[in-house]
K.L.:
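One structure is given below, represented as structure tokens, and several questions about it will come after.
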Amino acid sequence: MNWTLEVVIVPVSDLDRAKKFYADQLGFTVDHDTVISDDARIIQLTPPGSGCSIVIGKGVVPDMPPGSLKGLQLVVPDIERAHTELVERGVEVSEIQVVGQNPRPVPDPLDNVGFVFFTDPDGNSWGVQQISSRA
């Protein structure tokens with residue numbers, strides 16, 4: 001039996017600002033934006049190619065302090081291209097960093113160890129890791 005992680009709740013303070021950041025700046029697809037009532041709204045967004053989505057909302061999601069989610073991680077095949085795209089979209093992103101070392105030779109020296117980091121407008125933190133080949 002497979003157990004797949006398909007949704008992560010991201011706590012934010014301003015739904016429209018967060019939706020704009022994730023959709024316009026990060027390029028996530030808006031799967032739905034459902035207004036249930038004046039006090040309840042849920043927005044689901046999915047990173048390109050991902051099987052896992054994020055949900056931002058009010059009234060129908062767990063109550064967590066905005067910005068309290070740390071260490072979310074995206075994986076891309078080319079960290080240099082990802083960094084360039086984030087910068088071009090106006091995301092404040094770190095320079096490419098090498099974190100650790102590969103236990104065995106890999107075709108690209110940034111595989112597994114190349115990262116960039118950014119935060120959303122509320123301070124939820126994200127890492128982006130390069131993995132272009134898997135063993």
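All values below were derived from every heavy atom in this structure, side-chain atoms included, with hydrogens, water molecules and symmetry-related copies excluded.
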K.L.:
Are more than 12 heavy atoms from other residues, nucleotides or ligands located less than 6.0 Å from atom CZ of R89?
P.N.:
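Correct, the count exceeds 12.
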K.L.:
Answer whether the closest heavy-atom distance between the side chains of K19 and V30 falls below 4.5 Å.
P.N.:
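Counting from C-beta outward, K19 and V30 do come under 4.5 Å.
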K.L.:
Looking at E80, I'd like to know if its CD atom is crowded, meaning that more than 12 non-hydrogen atoms belonging to other residues, nucleotides or ligands lie closer than 6.0 Å.
P.N.:
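Open: at most 12 neighbouring heavy atoms sit under 6.0 Å from CD of E80.
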K.L.:
Checking side chain to side chain contact (heavy atoms under 4.5 Å, CB included) between L72 and each of V128, V10, I54, which is the one that passes?
P.N.:
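Among V128, V10, I54, the one meeting side chain to side chain contact (heavy atoms under 4.5 Å, CB included) with L72 is V10.
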K.L.:
From S50 OG over to L45 CG, what is the distance, rounded to the nearest 0.5 angstrom?
P.N.:
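These two atoms lie 11.5 Å from each other.
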K.L.:
Measuring from I9:CD1 to I42:CD1, what's the distance to the nearest 0.5 Å?
P.N.:
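The CD1 atom of I42 is 6.0 Å from CD1 of I9, to the nearest 0.5 Å.
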K.L.:
Can you give me the closest heavy-atom contact between S132 and P77, atom names plus distance?
P.N.:
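Distance-wise, the nearest heavy atoms are CB-O, 3.3 Å.
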K.L.:
Has E6 got a side-chain atom pairing as donor or acceptor with S53's backbone, closer than 3.5 angstrom?
P.N.:
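A pair under 3.5 Å: no.
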K.L.:
State the CG-CZ distance between L15 and R41, to the nearest 0.5 angstrom.
P.N.:
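Reported to 0.5 Å precision, the distance equals 5.0 Å.
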K.L.:
For the residue pair P66 and S13, what are the closest heavy atoms and their distance?
P.N.:
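Minimum heavy-atom separation between P66 and S13: CB-N, 3.7 Å.
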K.L.:
Give me the atom names and distance for the closest heavy-atom approach of L74 to P47.
P.N.:
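In this case the closest contact between L74 and P47 is CD2-CG, 4.0 Å.
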K.L.:
Considering only heavy atoms from C-beta outward, does the side chain of L26 approach that of F118 to under 4.5 Å?
P.N.:
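Result yes, sub-4.5 Å side-chain heavy-atom pair found.
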K.L.:
Check whether any side-chain heavy atom of L69 sits under 4.5 Å from a side-chain heavy atom of M64, and report yes or no.
P.N.:
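L69 vs M64: side chains apart.
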K.L.:
Donor-acceptor pair, N2 side chain versus T4 backbone, under 3.5 Å?
P.N.:
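Between the backbone of T4 and the side chain of N2 there is no qualifying donor-acceptor contact (under 3.5 Å).
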K.L.:
In terms of hydrophobic clusters joined by side-chain contacts under 4.5 Å, are V35 and V61 together?
P.N.:
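Different clusters: V35 never reaches V61 through Ile, Leu, Val, Met, Phe, Trp or Tyr contacts under 4.5 Å.
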K.L.:
Which atom pair, heavy atoms only, marks the closest approach of P121 to F21?
P.N.:
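Taking every non-hydrogen atom into account, CD-CG, 3.5 Å.
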K.L.:
Answer yes if V87 and V116 sit in the same cluster of Ile, Leu, Val, Met, Phe, Trp and Tyr residues linked by side chain heavy atoms under 4.5 Å apart, and no otherwise.
P.N.:
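Linked, V87 and V116 end up in one cluster.
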K.L.:
Taking C-beta and beyond as the side chain, do V93 and E85 meet within less than 4.5 Å on heavy atoms?
P.N.:
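They are not in side-chain contact.
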K.L.:
Find the distance between CG (N112) and CD1 (I79) and round it off to the nearest 0.5 Å.
P.N.:
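That separation rounds to 11.5 Å.
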K.L.:
How would you list all residue pairs meeting ring-ring contact (aromatic ring centres under 6.0 Å, His included) that involve residues 23-53, not counting sequence neighbours?
P.N.:
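Counting only pairs at least two positions apart or across chains, the ring-ring contact (aromatic ring centres under 6.0 Å, His included) contacts touching residues 23-53 are Y22-F28.
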K.L.:
Do you know the tightest heavy-atom contact between S68 and N124?
P.N.:
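In terms of heavy atoms, the two residues are closest at N-OD1, 3.4 Å.
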K.L.:
Does V113 belong to the same Ile/Leu/Val/Met/Phe/Trp/Tyr cluster as I96, with side-chain heavy atoms less than 4.5 Å apart forming each link?
P.N.:
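In one cluster with V113: I96, yes.
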K.L.:
When rounded to the nearest 0.5 angstrom, what distance separates NE2 in H83 from CG in D78?
P.N.:
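One gets 12.0 Å once the value is rounded to the nearest 0.5 Å.
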K.L.:
State whether D14 and K20 are salt-bridged, where the test is any N-O pair (Lys NZ or Arg NE/NH1/NH2 against Asp/Glu carboxylate O) under 4.0 Å.
P.N.:
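Salt bridge flag = no for K20 with D14.
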K.L.:
Within the side chain of T119, is there an N or O that forms a donor-acceptor pair under 3.5 Å with the backbone of S125?
P.N.:
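No; zero donor-acceptor contacts below 3.5 Å.
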K.L.:
Check for me, please, whether V76 and V91 land in the same ILVMFWY cluster - side-chain distances under 4.5 Å, paths through other members count.
P.N.:
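Hydrophobic grouping puts V76 with V91.
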K.L.:
What's the spacing between T34 OG1 and I43 CD1 if we round to 0.5 Å?
P.N.:
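Taking OG1 in T34 and CD1 in I43, the distance rounds to 9.0 Å.
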K.L.:
Are there over 12 heavy-atom neighbours, none belonging to K70, within less than 6.0 Å of that residue's NZ?
P.N.:
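Yes - once you tally the heavy atoms of other residues, nucleotides and ligands closer than 6.0 Å, there are more than 12.
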K.L.:
Are any side-chain N or O atoms of K58 and backbone N or O atoms of V12, one a donor and one an acceptor, separated by less than 3.5 Å?
P.N.:
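Such a contact is absent between K58 side chain and V12 backbone.
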K.L.:
Going by the rule salt bridge (charged side-chain N to carboxylate O under 4.0 Å, His left out), which residues pair with D122 if we only count those two or more places apart in sequence or in a different chain?
P.N.:
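Partners of D122 under the salt bridge (charged side-chain N to carboxylate O under 4.0 Å, His left out) test: R17.
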K.L.:
Going hydrophobic residue to hydrophobic residue with side-chain gaps under 4.5 angstrom, can you get from I131 over to W126?
P.N.:
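No.
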